[in-house]
Structures are given as structure tokens and as C-alpha cells.
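Take a look at the structure set out below.
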Protein chains: 2
Amino acid sequence: MRNTELLPATVAGSCCAPPMRKTLGAKDAESMAAALKALSDPTRLRLLSIVAAAAGQEACVCDLTGPVGLSQPTVSHHLKILMDAGYLTRTKRGTWAYYALVPGALDRVSQLLATV
Amino acid sequence: MRNTELLPATVAGSCCAPPMRKTLGAKDAESMAAALKALSDPTRLRLLSIVAAAAGQEACVCDLTGPVGLSQPTVSHHLKILMDAGYLTRTKRGTWAYYALVPGALDRVSQLLATV
DNA sequence: GTCTTATATTGACAAACGTCGATGTACCGG
DNA sequence: CCGGTACATCGACGTTTGTCAATATAAGAC
């Protein structure tokens, strides 16, 4: 073991040494990983993309099963994951369920990534 | 799929309107999901964070096993995943292997997210 | 009421994942 | 040479994931 002092957050008075930043805590890493895991599937990314591209930024399930080429239960499953992760909202009108983007949700994750 | 032609034109537009933007292709979604999957694990996020916070933005495995509290093979496994995904580089000096951040790799993914 | 349509839920399955212990490989000091 | 250290790889394990067919629910249409 090399035993360098990695963990102290700040080193006073060093001018040329690169700054030692605070590292990600276990709890923060857990929630951030959960947010990214919901996005780490090609089908879910495409679903988000289709919803984002739709007029009014909302789409019903019947408009999504075709483009992604998967069964309706599978698409509903992915939509639920995206909803639980806070990327989509669901609005039921009549027989149809309309999924819409949560404004700023993707941007928030995008900015989170820059803080790692 | 809904039978749109049986509905009045004004109502049909509310559900099955054509997409206004270009949606994510299958191949793009696949590679983007792979980039995100490498980041969707709390241990890997912490490893990246520790390397980023280290002086000189590099750290050897012996400096990483302690903070994340996992076995050395497991840490090596995660580091390999981060390397294969293009987030880390490995430089062997003597007996030690130094992992360093690939500059801009995280920012690139961060910006990719904004395009979904 | 019944029938049809749109969506959610369940159950099952194979594949992928995270983790560990054991082992292999490479390097350095005696 | 031999021993020890740092790291990678292998094999096995329980868990999670993505997918589908079957079923359930809910809301019009008739």
C-alpha cells in the first residue's frame, strides 16, 4: 500500500498542486447511479427521444410500441421505470395514457455528471 | 394502434401526431446506453470521483480498494469497465497501475444527454 | 348488459451483473 | 535463485434485468 494521504479534503497553502476535491459519498453515489441506470438502456433512451420529439412532448403507448419494436407489456415496463426515476409523467385521458417529459429532469442529470 | 382516420382531424392530431424532431436511432441509442451503463453503478461513480479528486488526477488500485470497501478483484473489475467505456486510462509504472481520467469523457456524455 | 380497445400487471425465463475467493502474472529486493 | 507485493484473470455464486405470453383492469361503443 502506498499510503498517500488521499482523503483529506483540503490542503492549505499549496499553490501549484492540483486541488483535491471532495469525493462522492456512498449515499450520493447510490442515488446518482439509480438516476443513470434508468437511462442506461437503449429502449428507454429511444422512448424518451420519441416522447421529446412528439408534438406537445407527449405520446401514448400505442405510438411507442411500433417504433421500438417491442411488445406492449415491455414498453409499459420501461415507461414505468422512467416514471419512477422521475423522467416521465403519466396522464390518463379516456382509454389512453399519455406520457410526457418532466421538464429539466434530463438537464439535472446532465449537470450532475459534471460534478463527478 | 389506434384507428386515426376514423377520428375528426382535430382530435387525431392530439394523439398520433408525427414527431417534430429527429428521434434517436437504434444504433445511437445502443452506444449511448453503453456509455451510461458504465456509469450506472455507485462503486464506479465513486471510483471516478476518487480518481478525479486525487492529486494529478490519477490513483493506483491500492488507493481505491480502501475507500470503496470492496475486494481488490472487484475494484479491478470495475476499473476495467470504466477503461473499456473510455473514462479511464491505465499506466503501469513499476508494480503499480495508475488510473487517470480521460479528459472530457464525462463532459461528452453530459452533453449527449442534452440531445435526447 | 356485452364486446372491443388501450394499458397495466403477473409469472416465467434466459442473460447479464456484481461480488468474492482462488489463482495467475509481472515486477522488485534480497 | 527465492520471497513478497501489486494487480489481473478465472470460476462460481446469488441477484438483477429485459423480454414475452397470459391475464387483469378500465374505459368507450353498441
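Letters go in sequence order (proteins before strands), and every chain restarts at 1. Since the model is a prediction, treat every value here as computed from it, not as a measurement.
Between B:Tyr99 and D:dA8, a side-chain N or O to OP1/OP2 separation shorter than 4.0 Å is present. Listed pair B:Arg90 / D:dC7 fails the phosphate criterion, with no side-chain N or O lying under 4.0 Å from OP1 or OP2. Dashed line: the shortest gap from a side-chain N or O of A:Tyr98 to OP1 or OP2 of C:dA6 is not under 4.0 Å. Between A:Lys37 and D:dT17 there is a side-chain polar atom (N or O) within less than 4.0 angstrom of OP1 or OP2. Contact annotation: A:Arg93 side-chain N/O to D:dA27 OP1/OP2 distance is not under 4.0 Å.
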Verdict with supporting geometry, B:Leu39 and B:Leu106, side chain to side chain contact (heavy atoms under 4.5 Å, CB included): CA-CA 10 Å; B:Leu39 298 176; B:Leu106 277 174; 4.0 Å; yes
Pair B:Leu48-B:Arg44, side chain to side chain contact (heavy atoms under 4.5 Å, CB included): steps then yes or no: CA-CA 6 Å; B:Leu48 283 179; B:Arg44 290 197 284 270; 5.8 Å; no
A:Tyr99 vs A:Leu47, side chain to side chain contact (heavy atoms under 4.5 Å, CB included): CA-CA, chis, key distance, verdict: CA-CA 10 Å; A:Tyr99 287 87; A:Leu47 289 174; over 6 Å; no
B:Leu112 and B:Leu36: CA distance, side-chain angles, deciding distance, side chain to side chain contact (heavy atoms under 4.5 Å, CB included) verdict: CA-CA 10 Å; B:Leu112 251 185; B:Leu36 289 168; over 6 Å; no
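A pairwise comparison of heavy atoms in B:Glu58 and B:Ala54 identifies O-CB, 3.5 Å as the closest pair.
Not counting sequence neighbours, B:Thr43 has no partner by the side chain to side chain donor-acceptor pair (under 3.5 Å) test.
Checked against D:dT5, D:dT9, C:dT7, the side chain of B:Thr95 finds its nearest nucleotide in D:dT5. For A:Ile81, the side-chain atoms get nearest to D:dG18 when compared with the rest of D:dG18, D:dC7, D:dT9.
Between A:Leu45 atom CG and D:dG18 atom P there is a gap of 11 Å when expressed in whole angstrom units. The distance from atom CG of A:Leu79 to atom C1' of D:dT19 is 15 Å, rounded to the nearest whole Å. Separating the CG atom of B:Leu47 from the C1' atom of C:dT19 is a distance of 14 Å, rounded to the nearest angstrom. If you take CH2 of A:Trp96 and C1' of D:dA27, they are 10 Å apart, rounded to a whole angstrom. Going from atom NZ of A:Lys80 over to atom C1' of C:dT7 covers 13 Å, rounded to whole Å. Atom CG of B:Leu82 and atom P of D:dA8 are 12 Å apart (whole Å). Atom CG of A:Asp63 and atom P of C:dA6 are 11 Å apart (whole Å). At whole-Å resolution of the value, CG in A:Leu64 and P in D:dT19 are 14 Å apart.
Side-chain atoms of A:Val102 and A:Leu88, non-hydrogen and from C-beta on, never get closer than 4.5 Å to each other. In this structure, the side chains of B:Val116 and B:Met32 come closer than 4.5 Å at one or more pairs of heavy atoms. Side-chain contact between A:Met83 and A:Leu79: absent, with no pair of heavy atoms (C-beta onward) separated by less than 4.5 Å. Side-chain atoms of B:Ile50 and B:Val68, non-hydrogen and from C-beta on, do get closer than 4.5 Å to each other.
DNA chain D is contacted by A:Leu70, A:Ser71, A:Pro73, A:Thr74, A:His77, A:His78 of residues 66-78 of chain A, taking any non-hydrogen atom closer than 4.0 Å.
Comparing the axis of the opening five pairs of the helix from C:dG1-D:dC30 to C:dG30-D:dC1 with that of the closing five pairs yields an angle of 10°, rounded to 10°.
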